[in-house]
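Order of the sequence lines sets the chain letters (A, B, ...), proteins ahead of strands, with each chain counted from 1.
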Amino acid sequence: MSVSDIITTILLIAGAAFFLVGTVGLLRFPDVYTRLHALTKADNVGLGLMVAGLALQAESWAVVGKLLLIWCLVLLAGASVAHLVTVVARQRGIKLWKR
Amino acid sequence: MITTTFSTISFRVVLFAMLWWVITEAAIDSWYIGVPVVAFAAWVSLVLLPGFSLSLPGILRFIPFFLWHSLRGGVDVAWRALHPQLPISPGMVDYRWRLPPGLARVFMANTVSLLPGTLSAELDESCLHIHVLDKTGDFSSELAIIEERVADLFALDLSII
Amino acid sequence: MFMEMLYIGMALFLLLTLVAGLWRILRGPTAADRMLAAQLFGTTAVACLLLLAQALEQPPLRDVALVFALLAVVAAVAFVRRAWVADRETEE
Amino acid sequence: MEALTQLQLAFDAVLGLALLWLAWQTLASPELFRAIVLFIAFGLLMALAWVRLEAPDVALAEAAIGAGLTGALLLTALSRLEPKNKSKIPHSKKPESEVDE
């Protein structure tokens, strides 16, 4: 097992942990807005770490570029969808959760 | 509308050529289709989104800033989601723009959504309305830093506006 | 050998978190929550596909992941633009 | 080798069961919107299943047409249908609220 393999292992496990956290947040958080927080942040970081881990194993630079492209697309999609849902949820008058 | 300069055109062409190279995973024989597609994509992009200025050092400074803060954002939300008491107290925060209207504001709104504890809710003329996960935190200074970075990226000077 | 096991194991783990997320689709309570869960599925599936692409040595799977990343938005935007207005009376 | 095959088997088993369960839930859902979201989720998992069957091209079509376009079309169709159906079909047993607990 080479050094890059070890780094990949760590990054993949960390990424998977963030995905788990995203799901936990989706299940535990009390309203739409807070769930959006969990989704956009945890998932994008999770995917980012996984992409970094897989990029270390990639066979060519083009593959690294493609992995980064996928991550950027998901980032853009996540941020835009979060914003759209928040705007419409506020227009619909869904109230903020209060303790 | 800003005039389309030669440098804008060549920048777009290089960008789309790189995208094609990445998507086809560097297959040489794909350039028969690639060259016209890249030219067409560059033309369409110039029609849809006329040139704007970006600063290369700004981009290079923005990337590590963004990566570090989004990692922080992930850790922050992870801590809150896993904590048994669920330590959140959501609220709304308004942030007065210093950025000029346009692409920079949209870019900042998207960036804010990915950084710790903030989610952009609405953009209007004077303010960015932000949903925050924990309203006790100090957001205005953090948002000011993000705004400076975005201004740096778009080669804008905040002090003039 | 170990790396292939890691990839498949992680993909399995992601699949399990995805199944756990199904609960949110079933439970709701608002339409937006369901849509969010579907959005999460998209991201998780992208990660899953990238892992499988590496494990099974099938580069075309990365293209599938690319399409996933693009199309996750289509459904979400259709939802925000159209369906949410339609079910106005069912909520609140 | 043994452990790798078992892991793959476990992956396929979870995927297959989740697909069956999702299909059943989609068909059994009394609420149209929920059925559509479940259908989108089904499409995503189905694409993963095609990947496991070593058919990436079919997976591509499934992701694009099954999950993306059909999902969007069904949502649009729902928004057209909804006002007429409102009086006839009860949407769900209890009214939805924005806070669950």
Original post:
Is there side-chain contact between B:L114 and B:F66, with at least one heavy-atom pair below 4.5 Å?
Top reply: yes

Subject >> Heavy atoms from other residues, nucleotides or ligands near CH2 of A:W61 exceed 12 (cutoff 6.0 Å) >> reply: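 12 or below, so no.
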
Original post:
Which one of B:D76, B:V75, B:T111 has the most heavy-atom pairs closer than 4.5 Å to chain A?
Top reply: B:V75

Original post:
So which of B:R80, B:M18, B:M92 has the largest heavy-atom pair count under 4.5 angstrom toward chain A?
Top reply: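 Top option by heavy-atom pairs under 4.5 Å: B:M92.
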
Original post:
Is a side-chain N or O of B:T118 found less than 3.5 angstrom from the main chain of B:V112, in a donor-acceptor match?
Top reply: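 Such a contact is found between B:T118 side chain and B:V112 backbone.
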
Contact class of [X] relative to chain B, heavy atoms under 4.5 angstrom:
{"X": "A:T34", "result": "both"}
{"X": "A:V21", "result": "both"}
{"X": "A:Y33", "result": "both"}
{"X": "A:L75", "result": "both"}

Subject >> Donor on one side chain, acceptor on other, A:D5 and A:T8, under 3.5 Å >> reply: no

Original post:
Between A:A62, A:A82, A:G78, which has the largest tally of heavy atom pairs under 4.5 Å with chain B?
Top reply: A:A62

Original post:
Ring centres of B:F62 and B:F107 under 6.0 Å apart?
Top reply: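 Under 6.0 Å, so yes.
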
Original post:
What are the two closest heavy atoms between B:L115 and B:H69, and how far apart are they?
Top reply: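 B:L115 and B:H69 have their closest heavy atoms at CD2-CB, 3.5 Å.
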
